[in-house]
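Worksheet for the structure shown next.
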Amino acid sequence: MQANRTFLFAPGNHPRKVEKVFGAGADAVILDLEDAVAAAEKPATRAAVVTAMQGDRSCRGYIRINALDTAFAFEDLEVVVAPGVDGIVVPKIETPEALATAEWVVGEIERKRGLPIGGIDLLPIIETGLGVANVRAIAAAAQRTNWLSFGAGDYTRDMAMDWTVAETECDHARAEIVLASRAEGLAPPIDTVWIHLQDQTGLTASAVKIKSMGFQGKLCIHPAQVGPVNAVFTPDDAAVARAKRIIEAFTEAEAAGSASIQVDGYFVDYPIVEAARRTLAMANAAAGTAE
């Protein structure tokens, strides 16, 4: 299991930001070719982000291409499907056919270049009303895709919603994405960015909320957001100790023929034990150790 708590964006055409972003403590970095890069600079930025990925870094590296219905997307893929790139973020996925097309193109380029087939992850962003409406079919179409992500900025714009600090207007879309991911066997999804850069309290509250909804992490747009989000998605010492007590007590009880016990005054059966094991796996992943 690997930690997917934080995916930190950086504009691909800002060399100083690119140089610093890999040291920000995120589980993965996303170098952007889409919204953060002016149209005139997109072609020249492609090779630059690949070069950055091939340098020394301490976390996984993704590149966000432009949407598939733009004039930039295919050439983006032609350049960024390359050694050293761990994954590609594909924005505005709205149909299963679009995801299947992106996966096929990446696979063909891998084959042509002698790269391991399936070695590059795809991270689709669901960020329109149509995408949310089709999310179950999109998740079902996934082959190399391991998890989905949610983009509230474009989603609320597309739906003519106000993107509020409380984010309640996004609850339905988030729930649909989590449910589709689970139903189709994908890992838990990644949540949208938090745009209120000076509101760390709100960021933490948002992360706590989406963790309780079933997300495994959050997209970030500033290095200062990484620490608070990582903290929310990393089990603390008390949670780890409690999980260990539950597993140890249940293992002993199960060996004696019992599958329902009390631990610290809390009822424990198989679902609770599974949750405890998940807590330990998350802690180990965050610490960079084996599950």
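Here the structure is a predicted model, which is why all the values come from computation and not from measurement.
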Decide whether [X] and [Y] are clustered together by the hydrophobic rule: side chain heavy atoms of Ile, Leu, Val, Met, Phe, Trp, Tyr closer than 4.5 Å, transitively.
{"X": "Phe215", "Y": "Trp194", "value": "yes"}
{"X": "Ile125", "Y": "Ile190", "value": "yes"}
{"X": "Phe74", "Y": "Leu68", "value": "yes"}
{"X": "Trp147", "Y": "Val193", "value": "yes"}
{"X": "Val229", "Y": "Phe9", "value": "no"}

For [Y], does its backbone N or O pair with a side-chain atom of [X] as donor and acceptor, under 3.5 Å?
{"X": "Asn66", "Y": "Thr70", "result": "no"}
{"X": "Gln200", "Y": "Ala224", "result": "yes"}
{"X": "Asn134", "Y": "Glu94", "result": "yes"}
{"X": "Glu176", "Y": "Val132", "result": "no"}

Any side-chain heavy-atom pair from [X] and [Y] closer than 4.5 angstrom?
{"X": "Phe233", "Y": "Thr6", "value": "no"}
{"X": "Phe72", "Y": "Val37", "value": "no"}
{"X": "Arg46", "Y": "Val50", "value": "no"}
{"X": "Tyr155", "Y": "Met161", "value": "yes"}
{"X": "Asp86", "Y": "Asp121", "value": "no"}
{"X": "Val29", "Y": "Arg57", "value": "no"}
{"X": "Leu280", "Y": "Val240", "value": "yes"}
{"X": "Leu219", "Y": "Ile30", "value": "yes"}

Is it the case that atom [atom1] in [X] sees more than 12 heavy atoms from other parts of the structure closer than 6.0 Å?
{"X": "Arg113", "atom1": "CZ", "result": "yes"}
{"X": "Glu19", "atom1": "CD", "result": "no"}
{"X": "Asp236", "atom1": "CG", "result": "yes"}
{"X": "Glu75", "atom1": "CD", "result": "no"}

Between [X] and [Y] (salt bridge meaning N to carboxylate O under 4.0 Å), is one present in this structure?
{"X": "Asp158", "Y": "Lys92", "value": "no"}
{"X": "Asp27", "Y": "Arg60", "value": "no"}
{"X": "Arg144", "Y": "Glu103", "value": "no"}
{"X": "Glu108", "Y": "Arg111", "value": "yes"}

[X] side, atom [atom1]; [Y] side, atom [atom2] - distance, nearest 0.5 Å:
{"X": "Gln225", "Y": "His196", "atom1": "CD", "atom2": "NE2", "answer": "10.5 Å"}
{"X": "Ile221", "Y": "Ile195", "atom1": "CD1", "atom2": "CD1", "answer": "7.0 Å"}
{"X": "Ile177", "Y": "Cys170", "atom1": "CD1", "atom2": "SG", "answer": "9.5 Å"}
{"X": "Ile109", "Y": "Glu78", "atom1": "CD1", "atom2": "CD", "answer": "4.5 Å"}
{"X": "Leu33", "Y": "Lys42", "atom1": "CG", "atom2": "NZ", "answer": "7.0 Å"}
{"X": "Lys218", "Y": "Lys211", "atom1": "NZ", "atom2": "NZ", "answer": "14.0 Å"}

Can you check side-chain contact (heavy atoms from CB on, under 4.5 Å) on Phe22 and Leu31, steps first, answer last?
CA-CA 10 Å; Phe22 291 106; Leu31 299 185; 4.2 Å; yes
For Asp171, what residues pass the salt bridge (charged side-chain N to carboxylate O under 4.0 Å, His left out) criterion, not counting sequence neighbours?
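Counting only residues at least two positions away or on another chain, Asp171 forms a salt bridge (charged side-chain N to carboxylate O under 4.0 Å, His left out) with Lys209.
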Quick check, are the ring centers of Tyr270 and Phe250 under 6.0 angstrom apart?
yes
Evaluate the criterion side-chain contact (heavy atoms from CB on, under 4.5 Å) for residue pair Met53 and Val49; output intermediate values, then yes/no.
CA-CA 6 Å; Met53 291 294 174; Val49 295; 5.6 Å; no
Tell me whether Arg242 forms a cation-pi arrangement with Tyr266, defined as NZ or CZ under 6.0 Å from the six-membered ring centre and within 45 degrees of its axis.
yes
Determine the minimum heavy-atom distance between [X] and [Y], stating which atoms define it.
{"X": "Gly87", "Y": "Ile120", "answer": "CA-CG2, 3.8 Å"}
{"X": "Ala276", "Y": "Ala243", "answer": "O-CB, 3.5 Å"}
{"X": "Pro83", "Y": "Leu115", "answer": "CG-CD2, 3.7 Å"}
{"X": "Glu110", "Y": "Gly119", "answer": "OE2-N, 3.4 Å"}
{"X": "Ile117", "Y": "Gly107", "answer": "CD1-O, 3.9 Å"}
{"X": "Leu148", "Y": "Ala139", "answer": "CD1-CB, 4.3 Å"}

Could you go through Glu169 and Thr164, starting from their C-alpha distance and side-chain angles, then the distance that decides it, and tell me whether this counts as side-chain contact (heavy atoms from CB on, under 4.5 Å)?
CA-CA 8 Å; Glu169 65 280 353; Thr164 66; 2.7 Å; yes
Stepwise side chain to side chain donor-acceptor pair (under 3.5 Å) check, Ser206 with Glu167
CA-CA 8 Å; Ser206 176; Glu167 302 181 314; 2.9 Å; yes
Using the side-chain contact (heavy atoms from CB on, under 4.5 Å) rule, take Phe7 and Leu123 through it: C-alpha gap first, then chi angles, then the decisive distance, then the call.
CA-CA 11 Å; Phe7 287 72; Leu123 177 58; 4.2 Å; yes
